[in-house]
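See structure below.
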Amino acid sequence: MSRDHVQPAERSAAAARSPLSSAEAPFLELLARGASADAYEQPVLLARAEGRPTEQIVALEQAKLIALRVRSELEGRRRREAELSALFETAHDLAGLRDLDSVLQAIVQRARSLLGTDVAYLSLNDPARGDTYMRVTEGSVAARFQQLRLGMGEGLGGLVAQTARPYVTDDYFKDDRFQHTLAIDAGVRDEGLVAILGVPLMLGHHVIGVLFAADRRARVFEREQIALLGSFAALAAAAIDTANLLTETRSALADLERANEIIQDRSGVIERASDVHDRLAELVLRGGGVHDVAAAVSEVLDGTVEFAEAAVAPAGALEASRAEGHAVRHADDWIAAVAAGGELLGALVLRGHPGLDPVDQRTLERAAMVTSLLLLARRSAAEAEQRVRGELLDDLLDARDRDPRLLRERASRLDADLDATHVVLAARLDATAADADQEAAARRRLWSAASHLAATRHGLAAARDGGTVLLLPLEASDTAAALARRTARHLGTAVHEAVTVGASAPVEDLAAHPDAVAAAYGEGRRCLDALRLLGRSGDGAAAEDFGFLGLLLAGDRDIAGFVGRTIGQVVAYDERRGTDLLRTLDAYFACGMSPARTKDELHVHVNTVAQRLERVGRLLGDDWQSPARTLEIQLALRLHRLSAPAQR
C-alpha cells in the first residue's frame, strides 16, 4: 500500500480515537475570530457532506453547542463591560461638565450604540408652553421629526412625561395606549420608526424630559435594556441639573460683580463651591469612596459631614429631602438624601451648621448626588464580581468546563486557588417566610452575605436549590466541621436569621477533578438535611460530627477513617505491644459485657479480663461503655474485622 493511502487511514483512526478533540478545533477557530452564530453550522454541514462517521458528526454537534454557549457567555460579558464602561465614561463627562450639549449628545450616542437601535433622542419639557420638545437626536434623518413638539399626554413621549413612568411599544402605529395626533404620527412616519422605548428624566419627583431609543422595525426591548436606558436618563438628568447649578452660579457671580459688598460677602462661598466641584470630580475619576466625599465636603464647608445609613438617619427629614430633591434643615443639622430612583441609599448629614448659605446647600446636595453615583457604581461592580464567582462555582458543580488551565485562570482572576484544599458547604435559612416575596428577599440576603464571605476568604459562592453553596479554602490546622460551625454563625449574624450549614469532607485538586465538587456538594446537603432532622437548625456540621451516621452521610464512605477515630488507639496499642485488647473487646461484647463469661470465652483469669478492660478505658475514655459509644465501638470492631486481610 502506498504512503498516500496509509496516511489518511492513520488520520481516520486517530480521529476515531479522539473525536471530541478533533471536533473542537474548527469551533475554537470560530471563537478566536469572533465569527457569527450562523458560521458554527458550517463544520457540521461539511462533515455531513463528506460522509464522515456518525460518531464524528455527533461529536461536532456537541462541540458546536458548547462553543455557542461559550460565544453567548463572551458576548454577554462584553456587553456588560461595554455598559459599565459607557456609564463610567458618562459619569466622567458629568464630573468635568463644561458643555451641556456635548454631554447630552454623548449620552444619546452611547445609549443608541449599547442598545443597538436605529435612533436615539432626548426631549426636554417646556414649562412655559406646557409641552416637550426635541433637544438632542442621534441617527435621525427626518427634519420634521427633529422639530417635533409633544403635548403632555400626546404620543408615547408625552405619556412618559405626564406619568413619569417608562413606556415601550413594539409597534407604534398599532398601539392605542397613548393619544395619537396627526403631527406626531407624521413625524414618526417620516422617520420610519416602529418600536420605541421612552424613559423619564427625573429630578426628585419632577419629570424634566424623556430619553428615547427607537428602531425602524418591530422589536421587543428587554428589561435589562430598559434599566440601562434608565441609567443613562439618570445621568442626563444629573448633567442638566449640574448645568443649571452652574448657570445659577454664573448668575450669582454677575450679581456679585455689581456690588463690591456682595462680592466680598459671597466670594468665599463661590470659592468653596468651585473647590468642592473640583474635588468631587477628582474623587469620581480616581474611584474614591463615600467617606472620601464626606471628608472633602467637610473641609470645604468648614463643618462635619458624615454619611449615614437610611435606617439611622432622621426619618422625617430624610423623607422630606428625598421628596423635595433638596437638603433640609433638622435642628442644627442639614440632611441631604442620597437616593437613586426610588431607592434610599442613605444621607449626607452636615452637623452643627444651622446657618447654611444657599450655595453651600447646593454643594451639599451635589455631594449627595455624587455619593449616590459612587454607591451605584460600587454596587454594580460588586454584583458583577458576585455573578462571576457564582458562574465559576456553577461550572464546577455542573462539571461543564473540564479544562484545568481555564479553570485555574478563571479562579486566579477572582483571587481563588483551586489547587488548595477546599470544603464545599451547603447553607439554608431555617425560618419560614410569610409569602413568596419575603422568602425571595431572605434568600437574596443569604446569597449576598455568602458572596461577601467567599470574596473575603478567597472562595466562591452561588445560589442553588433554594439555598446557597460555598467553596471555601481549608487551613492546614482547621477541620471541615469547625469551618461549618463558623460559617453558620457568620451567615446567621449577617442575615439576622438562623442559617444551617452542612459541610463536605476536604477535597483537593479541583481544577483537575471538577466532578469532585458536585459529589462534595451532595455530601454537604446530606449533612445539612441531617442537622435539620435532628433539630439542630442554625448549627453547622460535617460527616465526622455524626459518628457512625457519618458513614451514611459522607460521599466516599470513609470506613478506615471511622475505624481510626473510634478504636484507632486500641488497634495501635495491640500492634505496638502485641496484646489482645481487640480480641478481648470482641469477646466482651459477644458475652453480653460480662467479665465472667468473657474469661471463659478467652480461657484466661477474670483479673486478666479486668486489667485489659481497664487499659481499654484509658485508651478510649471513661465513657466507652455508654450506650452510644458501645454501639459505635462494636460497629468499628466489625468493620475492622471485615476489612482485615483474610487469615490463611
Side-chain angles (χ1 to χ4, degrees), residues 78-94 97 99-126 132-150 154-161 164-173 175 178 184-202 207-240 243 341:
R78 282 195 292 268
R79 184 175 63 254
R80 290 193 292 270
E81 291 173 356
E83 292 172 357
L84 286 174
S85 176
L87 288 174
F88 277 115
E89 289 174 0
T90 305
H92 177 276
D93 292 343
L94 175 57
L97 177 65
D99 181 1
L100 176 62
D101 287 338
S102 298
V103 174
L104 294 181
Q105 189 69 48
I107 288 174
V108 171
Q109 288 174 349
R110 289 166 185 156
R112 179 193 177 201
S113 173
L114 286 177
L115 269 66
T117 57
D118 298 320
V119 182
Y121 49 101
L122 183 148
S123 68
L124 292 180
N125 291 357
D126 187 343
T132 181
Y133 64 98
M134 293 290 185
R135 174 66 184 268
V136 182
T137 64
E138 178 68 18
S140 172
V141 296
R144 177 159 51 178
F145 178 79
Q146 297 171 17
Q147 299 170 6
L148 273 179
R149 299 189 73 97
L150 293 73
E154 295 179 354
L156 182 140
L159 185 60
V160 173
R165 293 176 53 193
Y167 274 86
V168 60
T169 178
D170 301 337
D171 193 332
Y172 176 86
F173 291 101
D175 200 328
F178 43 83
I184 298 174
D185 286 0
V188 174
R189 189 174 287 108
D190 286 353
E191 194 62 50
L193 301 182
V194 177
I196 304 176
L197 164 63
V199 297
L201 276 65
M202 305 287 296
V207 180
I208 63 170
V210 182
L211 180 60
F212 300 85
D215 257 338
R216 295 187 175 95
R217 64 188 185 282
R219 169 179 178 169
V220 176
F221 287 95
E222 303 294 337
R223 179 165 43 183
E224 292 80 5
Q225 295 172 324
I226 297 174
L228 177 61
L229 193 64
S231 297
F232 278 114
L235 291 174
I240 294 169

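Quick caveat, the model's predicted, so the values are computed rather than measured. FYI, side chains are in, hydrogens and waters are out, and symmetry mates aren't considered; it's all heavy atoms of this structure.
- Rounding to the nearest 0.5 Å places CD1 of Ile196 at 12.5 Å from CZ of Arg219.
- For Ser140, the side-chain hydrogen bond (donor to acceptor under 3.5 Å, both in side chains) test picks out Gln146, Glu191, with sequence neighbours left out.
- The two atoms that bring Ala237 and Met202 nearest to each other are CB-O, 3.3 Å, heavy atoms only.
- For Arg189, there are no salt bridge (charged side-chain N to carboxylate O under 4.0 Å, His left out) partners two or more places apart in sequence or in a different chain.
- Residues Ala111 and Leu229 come closest through the heavy atom pair CB-CD1, 3.8 Å.
- A pairwise comparison of heavy atoms in Ala233 and Val199 identifies CB-CG2, 3.7 Å as the closest pair.
- When all heavy atoms of Gly187 and Leu148 are compared, the pair lying nearest together is CA-CD1, 4.2 Å.
- The distance from atom CZ of Phe232 to atom CG of Leu201, rounded to the nearest 0.5 Å, is 12.5 Å.
- Across Ile208, Leu211, Val160, a single residue satisfies side chain to side chain contact (heavy atoms under 4.5 Å, CB included) together with Pro200, and that is Val160.
- For the atom pair CD (Glu138) and CD (Gln105), the distance works out to 5.5 Å, reported to the nearest 0.5 Å.
- Atom CZ in Arg216 sits 9.5 Å away from atom OG1 in Thr117 (nearest 0.5 Å).
- The shortest heavy-atom contact between Ile226 and Pro166 is CG2-CB, 4.4 Å.
- The minimum heavy-atom distance between Gln225 and Glu222, with the atom names listed, is OE1-N, 2.8 Å.
- Tyr121 has its side chain within reach of Leu193: a pair of non-hydrogen atoms, C-beta onward, lies under 4.5 Å apart.
- Asp170 pairs by the side-chain hydrogen bond (donor to acceptor under 3.5 Å, both in side chains) definition with nothing, not counting sequence neighbours.
- You'll find the side chain of Leu124 reaches within 4.5 Å of the side chain of Tyr133, heavy atoms only.
- Taken to the nearest 0.5 Å, the CZ atom of Phe212 stands 14.0 Å off from the CG atom of Leu115.
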Item to complete: Under the side chain to side chain contact (heavy atoms under 4.5 Å, CB included) rule, what do Val207 and Asn125 come out as? Steps first, then yes or no, please.
Response: CA-CA 8 Å; Val207 180; Asn125 291 357; 4.0 Å; yes
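- With sequence neighbours excluded, the residues that form a side-chain hydrogen bond (donor to acceptor under 3.5 Å, both in side chains) with Arg149 are Asp126, Asp131.
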Discussion item. Side chain to side chain contact (heavy atoms under 4.5 Å, CB included) for Phe145 and Met134? Distances and angles first, verdict last.
Written reply: CA-CA 9 Å; Phe145 178 79; Met134 293 290 185; 3.7 Å; yes
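- Not a single side-chain hydrogen bond (donor to acceptor under 3.5 Å, both in side chains) links Asp118 to another residue, sequence neighbours left out.
- Asp185 and Tyr172 share a donor-acceptor pair across their side chains, judged by distance under 3.5 Å alone.
- In this structure, Leu150 CG and Ile184 CD1 are separated by 4.0 Å, a value rounded to the nearest 0.5 Å.
- By the ring-ring contact (aromatic ring centres under 6.0 Å, His included) test, Tyr167 is found to be paired with no residue, residues two or more places apart in sequence or in another chain being considered.
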